[in-house]
S.K.: 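I'd like to ask you about the structure that follows.
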Amino acid sequence: MMTDGFDPVAMLGVPLTGILLLGLVSVLVRVLPAYLPLPTSPATRRRIEVVLPVAVFINLAIYCAAGEIGTATRPALAGFATLALLFPWRRRLPFILLVLIPSGVYVAVLKLSGG
């Protein structure tokens with residue numbers, strides 16, 4: 001049911017696209033290999049286990065950047081700059097801090113800018 005001024009397709013288009021893409025990536029990297037194991041050497045498997053999580057994290061950051069930079073440029077750039085500064089310490093910091101600290105900077109800059 002549509003009400004005046006409310007278009008759910010337009011409103012949910014970008015988030016829905018992101019959800020579908022991330023869901024597809026999850027199926028490709030988690031579900032499909034469980035049912036169709038590829039013959040790989042232990043060295044290749046270890047390399048994939050190291051590279052894949054970082055690649056997914058970078059993919060998620062780029063997806064977030066694409067949406068946020070267009071709507072809240074300064075806060076988004078501040079958050080991503082913070083993430084870039086923390087990245088060299090990614091092995092020493094808990095992953096949750098790599099998410100919470102840049103998110104906190106984003107929210108703080110957003111609030112300070114009147115958002």
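Treat the numbers as computed from the prediction; the structure is a model and nothing was measured.
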S.K.: To check you understand the geometry: which heavy-atom pair defines the closest contact between Ala72 and Tyr106, and what is its length?
M.R.: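 Scanning both residues completely, I find the closest heavy atoms to be CB-OH, 3.9 Å.
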S.K.: Mind checking side-chain hydrogen bond (donor to acceptor under 3.5 Å, both in side chains) for Thr44 and listing every partner two or more places apart, or none if nothing turns up?
M.R.: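 Counting only residues at least two positions away or on another chain, Thr44 forms a side-chain hydrogen bond (donor to acceptor under 3.5 Å, both in side chains) with Ser41.
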S.K.: Side-chain polar contacts of residues 76-101 - donor-acceptor pairs under 3.5 angstrom, sequence neighbours left out - could you list them?
M.R.:
residue: Thr82; atom: OG1; partner: Ala78; partner atom: O; Å: 2.8
residue: Arg90; atom: NH1; partner: Phe87; partner atom: O; Å: 3.2

S.K.: List the residues meeting side-chain contact (heavy atoms from CB on, under 4.5 Å) with Thr71, not counting sequence neighbours, and say none if there are none.
M.R.: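 Thr71 satisfies side-chain contact (heavy atoms from CB on, under 4.5 Å) with Glu68 only.
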